Amino acid sequence: MVERTANPAHGDYSITLPLKLARELHRRPAQIAAELAGRLSLPAGFADVEIAPPGFINLRLRPSWLQAQVEPIAGAGAGWGRSDLGHELPVQVEFVSSNPTGPLLFSHARGAVVGDVIARLLEATGFAVQREYYVNDTGNQVRLFGESIQAAIRGQPAPEGGYQGAYVEEMARAAAAKLGKNATVEALAEFGIVANLESIRRDLDRLRIAHHAWFSERSLYQGWDQDTMAKLRSLGLVVERDGAVWFVTGGDKDEVLYKRTGEPTYFAADIFYHRDKLEKRGYQRVVDVWGADHQGQVNRLKQALEVLGIDPARLTVILVQLVSVRRGTEIVRMSRRSGVGITLEEMLDEVGSDAVRYFFLLRSSDAHMEFDVDLAKQQSNENPVFYAQYAHARLSNVRKFGAAVQAAPAFERLDSEWELDLLRAIVRWPDVVREAAESLEPHRLAFYANELAARIHVFYKNVRVVVDDQPVSAARLRLSEAARVTLANALDLMGVAAPERM
RNA sequence: GCCCCCUUAGCUCAGUGGACCAGAGCAUCCGCCUUCUAAGCGGAGGGUCAGAGGUUCGAAUCCUCUAGGGGGCGCCA
């Protein structure tokens, strides 16, 4: 209803309600606008309203109000922009959850960054967030992984559909040294999983990601599986057919819960796990960040939750589209099935975590993206991550340069277009955080950071901060500090460093 | 065949119902460092917003259809 204007000539905010009411009331929007404008009681920060055809009510922030924000923001530090909208509601964000049968691949990194920043956004808006990694530590793939290590120890080729590569060989050597050459498949799998989880944790740590909990799939099979199955059976939604156990959807296609081998399917595990989160552990909201190749699972899982009496709206699944990697003119698409294995570790070595994070955050999750390795690792102005970081470094330098200024700040003299434009960008920050958190769209942070950095660079170029006039200097220094704090908070929410110098 | 995402400037992408020329970065061309960091700033050129129809006072944005690209639809994970 109240929105930011795209065009500065139309003020800072506009109200479009009159246009929306016009249809229902069968009256001219301009009349409604005039009437409404007369009755508006505006916060003190706004100048008088303007009515623009065909029926907009435009609002403009007063320079005096903007100037009065400088000192509080400059002094607010890390709290600036945070809010308590969530009222400490328990929310879980589950992300990464890559199989512990191998190292983290670069294709996992996008979901890792998106999930982490969603968690940061929810924390910043007052939710009690738990970050969880779901560990598939049992089942077919785990056994296959154990068999693959065993084969490597014995110098045999990997089993059909098994795992291979240098990391398996390495693991085989380490396992043989520790467990002996005749260790069981189970013991080898366990050894490999522990080692992989360590390496995954190490990679995530380099990406500045830390989970609170690593949830073991195995733990679901200590009764909770049977409890859930009993409930489904009592609802009459389970049948046995062809030696397998099926979930009756009522729709066109039933789904297998237990294979003929007696093993649960991933679908069954998903049901057990999500019932555990939403019912047993009582998270009011759960956000899962999945790769787009899991899209087909969303509806059937929600359907199953619903019949179990759990409101499926409490679960939000963010599907992150796949990433392709560009090196020079070569483009490699990274999907799970293509088996392209650029590891996250290699990419972190090559381009660093700031660039990886920033690049992923420059795209909305539902857009396919191309990760340009050459661009990401360039230490030059072509690399967008430096643009924002450089703005922060410049302001940090200004702060040092002006440390000796003592006078009382003359905030009312921050009246140039560059200073006021910068202020308008700064005061938007809490709205940006709230909107990004509500929409679960981390990329809004990156776009804001770019925009704020642009205002900072223009300000820096056109307005000399440290000048002979001490009261003006003092005011500009505080404005610089307010901008620096805001940019630092934005970068912090993105998990990107805000360097003092570059 | 069915489901999901995408199609906007040469390239990579924002914008997803409102207001004069549809935005940014890169790339191309032209300017700006005796002054707090030029990893910066300013300017120029460049677009039938894939196509068609519809809803609306108004559509890049919503609805339908078509075309193209990607992903999924398995007792795989």
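The model shown is predicted, which means the values in this text are computed figures rather than measured ones. Here is how names work: the chains are called A, B, and so on, in the same order as the sequence lines, proteins then strands, and each is numbered from 1. Below, each value reflects all heavy atoms present in this structure, side chains not excepted, and no hydrogens, waters or symmetry copies.
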Counting only side-chain nitrogens and oxygens, does A:Arg476 get under 4.0 Å of the OP1 or OP2 atom of B:rC36? no
Just checking A:Glu263: base, sugar-phosphate only, or nothing, at a heavy-atom cut-off of under 4.0 Å? nothing
Per A:Gln321 side chain, nearest of listed nucleotides B:rC36, B:rG71, B:rC5: B:rC5
Measuring only the P atom in each nucleotide, how far is B:rA50 from B:rU12? A whole number of Å is fine. 15 Å
Between B:rC41 and A:Tyr387, is there an OP1 or OP2 to side-chain N/O distance shorter than 4.0 Å? yes
Give me the ring orientation class for A:Phe359 and A:Phe371: parallel if the planes are under 30° apart, tilted from 30 to 60°, perpendicular past 60°. tilted
Pick base, sugar-phosphate or nothing for A:Glu441, based on heavy-atom distances below 4.0 Å to the nucleic acid. nothing
Does A:Leu315 offer a backbone N or O that forms a donor-acceptor pair with the side chain of A:Lys302 under 3.5 Å? yes
Using the C1' atoms only, state how far B:rC20 lies from B:rU16, rounded to an integer number of Å. 22 Å
Does A:Gln141 reach a base, just sugar-phosphate, or nothing at all? Heavy atoms under 4.0 Å. sugar-phosphate
Are any of A:Lys461's side-chain N or O atoms less than 4.0 Å away from OP1 or OP2 of B:rU35? no
Comparing A:Ala244 and A:Arg501 on RNA chain B - which has the more 5′ nearest nucleotide: A:Arg501
From CG of A:Asp288 over to P of B:rA77, roughly how many Å is that when rounded to an integer? 19 Å
Could you check whether the rings of A:Tyr387 and A:His457 sit parallel, tilted or perpendicular, using 30° and 60° as the cut-offs? tilted
Of the options B:rU35, B:rC75, B:rG72, whose atoms approach the side-chain atoms of A:Arg464 most closely? B:rU35
Under 4.0 Å, heavy atoms only, any strand: does A:Val465 hit a base, just the sugar-phosphate, or nothing? base
Run the salt-bridge test on A:Lys277 and A:Asp288 with the 4.0 Å N-O cut-off and return the result as yes or no. yes
Give none if B:rC41 has no partner; otherwise give the nucleotide forming a Watson-Crick or G-U wobble pair with it, both distances under 3.5 Å. B:rG31
Nearest heavy atom decides the nucleotide; on that basis, is A:Trp246 or A:Glu500 closer to the 5' end of RNA chain B? A:Glu500
A:Trp224 vs A:Tyr273 side-chain heavy atoms within contact, under 4.5 Å: no
Identify whether a stacking contact exists between A:His294 and B:rA77, where the ring centres must be under 5.5 Å apart and the planes under 30° apart. yes
Measure from CG on A:Leu319 to C1' on B:rC6 and round the result to the nearest Å. 14 Å
Work out how far the P atom of B:rU48 is from that of B:rG23, and round it to whole angstrom. 15 Å
Watson-Crick or G-U counterpart of B:rG25, or none if no pair lies under 3.5 Å: B:rC11
Which is true for A:Ala292 with a 4.0 Å heavy-atom rule: it touches a base, it touches only sugar-phosphate, or it touches nothing? sugar-phosphate
Could you state the atom-to-atom distance from CZ of A:Arg143 to P of B:rC76 in whole Å? 11 Å
Quickly work out the A:Trp418 CH2 to B:rC41 P distance and round it to whole Å. 14 Å
Could you tell me whether A:Arg201 sits above the aromatic face of A:Trp214, with NZ or CZ closer than 6.0 angstrom to the six-membered ring centre and within 45 degrees of the axis? yes
Could you pull out the protein-nucleic contacts involving nucleotides 11-14 of chain B (nitrogen or oxygen on both sides, under 3.5 Å)?
| residue | atom | partner | partner atom | Å |
| --- | --- | --- | --- | --- |
| B:rU12 | O2' | A:Arg363 | NH2 | 2.6 |
| B:rC13 | OP1 | A:His368 | O | 3.3 |
| B:rC13 | OP1 | A:Glu370 | N | 3.0 |
| B:rC13 | O5' | A:Arg363 | NE | 3.3 |
| B:rC13 | O2' | A:Arg363 | NH1 | 3.3 |
| B:rA14 | OP1 | A:Ser364 | N | 2.9 |
| B:rA14 | OP1 | A:Ser364 | OG | 3.1 |

A:Asn462 has an atom CG; how far is it from atom P of B:rC36, in whole Å? 15 Å
Inter-nucleotide C1' distance (B:rG10, B:rG47), Å rounded: 11 Å
Rounded C1' spacing from B:rC5 to B:rC13 in Å: 15 Å
Hey, is CZ on A:Arg501 packed in by over 12 heavy atoms from elsewhere, all under 6.0 Å? no
Would you classify A:Val463 as touching base, sugar-phosphate or nothing, given that sugar-phosphate means primed atoms plus P, OP1 and OP2, and contacts are heavy atoms under 4.0 Å? base
A:Arg399 side chain vs A:Ser480 backbone, donor-acceptor pair below 3.5 Å: no
Just checking A:Tyr460: base, sugar-phosphate only, or nothing, at a heavy-atom cut-off of under 4.0 Å? base
Whether over 12 other heavy atoms sit under 6.0 Å from A:Asp469 CG: yes
In whole angstrom, give me the gap between the C1' atoms of B:rU7 and B:rA60. 11 Å
B:rC57 to B:rC49 separation - C1' atoms, rounded to the nearest Å: 22 Å
Report the glycosidic orientation of B:rC33: syn if within 90° of 0, anti in every other case. syn
Whole-Å C1' distance, B:rG18 and B:rA59: 9 Å
State the pairing partner of B:rA52; accept Watson-Crick or G-U wobble contacts with both distances under 3.5 Å, and report none otherwise. B:rU64
I need the CG-C1' distance between A:Leu301 and B:rC3, as an integer number of Å. 16 Å
With the threshold set at 4.0 Å, does a side-chain nitrogen-carboxylate oxygen contact exist between A:Glu190 and A:Arg218? yes
Examine B:rA77: is either OP1 or OP2 under 4.0 Å from a nitrogen or oxygen in the side chain of A:Asn140? Give yes or no. yes
